Number of protein chains: 2
Amino acid sequence: MSLRYALLALLTAQPMTGYDLAKAFHVSVGHVWHAPDSQIYPELKRMVADGLLRDESVPWGASSTKTQYTVTDEGVDAFRAWMDEPIEYARERDPAHLRSAYFEWADPDVARRHLHEHIAHYELRRAQWQSQLNAIRTRSHPILARRLETDTRHDPDAVVEFKVFTYEGFLDRAEGEIAWARHGLDLLDRLHPRD
Amino acid sequence: MSLRYALLALLTAQPMTGYDLAKAFHVSVGHVWHAPDSQIYPELKRMVADGLLRDESVPWGASSTKTQYTVTDEGVDAFRAWMDEPIEYARERDPAHLRSAYFEWADPDVARRHLHEHIAHYELRRAQWQSQLNAIRTRSHPILARRLETDTRHDPDAVVEFKVFTYEGFLDRAEGEIAWARHGLDLLDRLHPRD
DNA sequence: TATACCATGTAATAAGTTACATGATTTG
DNA sequence: CAAATCATGTAACTTATTACATGGTATA
């Protein structure tokens, strides 16, 4: 259900075609709420059916068209209403920690490999989030820049600060996961010293 | 797919009936990989069909029976094999951070409420994980205690240490989330000072 | 004119959620 | 003997994943 609000959030910056939106999604809000194209397109259609978006055919090339989506007033209301609703936390479901809890069943080198991959995974995420954060801080992030131009109802500093705050949270999380995995590597060295 | 390995992990401590297993699940591995009873019972059946578990009818009361599940050799092999497989990280999908990224659309007090609830949520989780951790450290956790009795192939210290390591990771995470939300509250006070 | 990429999906499957159902047994 | 809890689910639904499909347009 959050997907539709992620899409709505993105479209409040500017109307977009499905394709542009999908691309923009993957380099912005998709870092917070992932979804594949195959989930995005049908959801857009549903949102039109529910009155949250308006769709228009715009010409593409000589004889073809593409669909552009614009948030309706009802869509804006729905987005605001969503903001008031309590956050639904997903239950814990963590593949890395499930594995680590039973590392006694793994070869120590396999356990090490998992932890190294954990570090690599979060180093990659960290780099992605960091580059988002930089682009947000300098206001050079294209979607944010567009949003700052078109959005007259909100304090631009607040718009930026909330996104900075969000991505800083992810960065801290990545740091935490990396530190945790390093601890695990130390533990493995203690339990199974290498020569 | 991880659910079956969470169940397998639990059943390596001792054979259990479906009901006992479901109860034990919720106070142990369910803290790492949540699943409702309605997902557990059918999965157990499937695991029997796949040869990972053996089921036996044991008497219950005068004229009734219940089903007890035991890990087969094939089940142990499957569990070990799973340990070698790469961890599949779920894509980011974070309802709290999705919300916070667009807090400019929320009333400042609503945003504050969300952050306070975030703190409350992770304080609760922290307490749960902390009590798990204490029970593990003192080896008084009933399932762990049983595991330490029955499991002769693994170093008991390692069995304990890996679980400690896992839950310490969760505790750090909870601390991080709480600190993040407090930052958010500071930010809100900066942007929207209260009298 | 081939290749990249624009544009929009569908189909099949898997996984997870919510709500409900039902009867048996133990215990106070 | 009523209440708690033991025991085991099913049904309906929603969400998400994976893989594939198809044709058009711009560009080198």
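Both backbone and side-chain heavy atoms feed into the values below; hydrogens, waters and symmetry mates do not. Reminder, nothing fancy here: chain letters follow the sequence lines and each chain counts from 1. Because the structure is predicted, anything quoted here is derived from the model rather than measured.
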Quiz prompt | Cation-pi check, B/Lys163 onto B/Tyr167 ring (under 6.0 Å, within 45° of axis) | solution = no
Quiz item: For residues 52-66 of chain B, which residue pairs qualify under side-chain hydrogen bond (donor to acceptor under 3.5 Å, both in side chains), counting only residues two or more places apart or in two chains?
Solution: none
Self-check item: No-hydrogen, no-angle side-chain donor-acceptor test under 3.5 Å, A/Ser2 and B/Arg93
Solution: no
Quiz item: Side-chain donor-acceptor pair under 3.5 Å between A/Asp20 and A/Thr17, yes or no?
Solution: yes
Practice problem: Compute whether any side-chain donor of one residue and acceptor of the other, for A/His26 and A/Asp37, lie under 3.5 angstrom apart. | Solution: yes
Self-check item: Reported OG1-to-CD distance for the pair B/Thr166 and B/Glu161, which is rounded to 0.5 angstrom
Solution: 11.0 Å
Quiz item: How bent is the helix from C/dT1-D/dA28 to C/dG28-D/dC1, comparing axes over its five end pairs at each side, to the nearest 10°?
Solution: 20°
Practice problem: Would you mind reporting whether B/Phe25 and B/Ile40 have side-chain heavy atoms less than 4.5 Å apart? | Solution: yes
Self-check item: Leading and trailing nucleotides of DNA chain C with any atom under 4.0 Å from heavy atoms of chain A
Solution: C/dC5 to C/dT17
Quiz item: Parallel, tilted or perpendicular for A/Trp180 and A/His97, by the 30°/60° rule?
Solution: parallel
Exercise. Determine: side-chain N/O of B/Trp60 to OP1/OP2 of D/dC6, distance under 4.0 Å, yes or no.
Key: no
Quiz item: Roughly, in whole Å, what's the span from CG in A/Leu3 to C1' in D/dT14?
Solution: 13 Å
Exercise. State plainly whether the residues B/Arg125 and A/Glu92 are in salt-bridge range, i.e. N to O under 4.0 Å.
Key: yes
Exercise. Could you identify which residues of residues 87-98 of chain A place a heavy atom less than 4.0 Å from some atom of DNA chain D, listed by residue number, or say none?
Key: none
Quiz item: Does the side chain of A/Glu168 come under 3.5 Å of the side chain of B/His183 through a donor N or O and an acceptor N or O?
Solution: no
Practice problem: Check each residue of residues 36-51 of chain A for a non-hydrogen atom within less than 4.0 Å of any atom in DNA chain C, then write out the ones that pass by number, or none. | Solution: A/Ser38, A/Tyr41, A/Lys45
Quiz item: Does one side chain, of B/His154 or B/Asp151, offer a donor that lies under 3.5 Å from an acceptor on the other?
Solution: yes
Quiz item: In terms of the angle between their ring planes, are B/Tyr102 and A/Phe79 parallel, tilted or perpendicular, with boundaries placed at 30° and 60°?
Solution: perpendicular
Quiz item: For the residue pair B/His31 and B/Trp129, is the inter-centroid distance of their aromatic rings smaller than 6.0 Å?
Solution: no
Quiz item: Which ones in residues 6-24 of chain B lie close to DNA chain C, meaning a heavy atom under 4.0 Å from one of its atoms?
Solution: none
Quiz item: Regarding A/Arg99 and the six-membered ring of B/Trp82, is the cationic atom NZ or CZ under 6.0 Å from the ring centre and inside 45° of its axis?
Solution: yes
Quiz item: Rounded to whole angstrom units, what separation is found between the CZ atom of A/Arg4 and the C1' atom of D/dA16?
Solution: 16 Å
Exercise. Would you check if A/Phe170 and A/Gln128 make a side-chain contact, meaning some heavy-atom pair closer than 4.5 Å?
Key: no
